[in-house]
Amino acid sequence: MARFHHVNLGVPPEKLDDEATFLVDLLGYRPVKPDPSLGAIGARWYETHDGAQVHLSADPDHRPAARAHVAIEFGPKLADVEERLRNATVAFDQSQRAGFPRVLNCRDPAGNLWELRGDVIAS
C-alpha cells in the first residue's frame, strides 16, 4: 500500500531558518539529519512522529501558490497548535462546520499555505 513520505517546499534562502522555526516550534516537527552528501548540498529535512517529512529547498525565485497547500492532521492537539500560533503572532483563519474537522489555515514564513486539521465537529 502506498504511504505518504514527504513534501518538498520551496523557500527563499533568507527564510530557511524562519521556516525551520515554524516547523519545529509551532507545528512540532523534529529535524532529521540527512546523510553527509545531501547535507553538503543544503538538504533540510523535518519529520513527525509517524515519519512523514517536510523537505525544504532554497529557492531564490520562490513564489507561494495561491491555493496549493499542505494539510496536516492534529486531531485533539489542534488547540495546542493554535495557542503556539497565537503566541508567535502567526495570522490564521479558521472554519468550523458540523460534520467536518475544525481547520486553521495559515501561511508559513515563506508564504506557503498550511491547512491544520483538528477533530470532526459533532453534528
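The shown structure was predicted, so the numbers you read here are calculated from the model rather than taken from an experiment.
R117 and A71 make their closest contact through CD-CB, 4.3 Å (heavy atoms, listed as atom of the first residue, atom of the second, distance). Across all non-hydrogen atoms, the minimal contact from W45 to Q53 is CE3-OE1, 4.2 Å. The shortest non-hydrogen separation linking D18 to P109 is O-CG, 3.5 Å. The shortest non-hydrogen separation linking A20 to Y46 is CB-OH, 3.2 Å. Nearest heavy-atom pair across G10 and A110 is O-CB, 4.1 Å. Scanning both residues, P64 and R107, for their nearest heavy atoms gives CB-NH1, 4.2 Å.
With ring centers used as reference points, W114 lies 6.0 Å or more from F92.
Follow the hydrophobic side-chain contacts under 4.5 Å out from V7 and you never reach V32; the two are in separate clusters. Grouping the Ile, Leu, Val, Met, Phe, Trp and Tyr side chains by contacts below 4.5 angstrom, directly or via other members, places I72 apart from F100. Cluster membership check: V81 does not share its hydrophobic cluster with I121, using side-chain heavy-atom separations under 4.5 Å among Ile, Leu, Val, Met, Phe, Trp and Tyr.
Rounded to the nearest 0.5 Å, atoms CG (L56) and CG (L23) are 5.5 Å apart. For the atom pair L116 CG and L85 CG, the distance stands at 6.5 Å (nearest 0.5 Å). Distance check: L104 CG to Q94 CD gives 6.0 Å after rounding to the nearest 0.5 Å. Rounded to the nearest 0.5 Å, atoms CZ (R44) and CG (L9) are 13.0 Å apart.
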### Task
Could you walk me through whether D59 and S57 pass the side-chain hydrogen bond (donor to acceptor under 3.5 Å, both in side chains) test, one step at a time?
CA-CA 6 Å; D59 180 359; S57 291; over 6 Å; no
### Query
Checking side chain to side chain contact (heavy atoms under 4.5 Å, CB included) for the pair L27/F74: CA distance, chi angles, key distance, verdict?
CA-CA 9 Å; L27 300 188; F74 287 96; 4.2 Å; yes
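Counting non-hydrogen atoms of other residues, nucleotides and ligands closer than 6.0 Å to CZ of R63 gives a total of 12 or fewer. Environment of CD in E14: crowded, with over 12 heavy atoms of neighbouring residues, nucleotides or ligands closer than 6.0 Å.
Residues L78 and R102 have side chains in contact (heavy-atom distance under 4.5 Å, counting atoms from C-beta outward). Using a 4.5 Å heavy-atom threshold, the side chains of V54 and F22 count as separate. The shortest distance between side-chain heavy atoms of R30 and V24 does not fall below 4.5 Å.
When the ring-ring contact (aromatic ring centres under 6.0 Å, His included) test is applied to H6, the partners found at least two apart in sequence or on another chain are H55.
For the 3.5 Å distance criterion, the side chains of T48 and D50 qualify, holding a donor opposite an acceptor. A side-chain donor-acceptor contact under 3.5 Å links H62 and N112.
A salt bridge is absent between E82 and K77: the closest approach of a Lys/Arg side-chain nitrogen to an acidic carboxylate oxygen does not fall below 4.0 angstrom.
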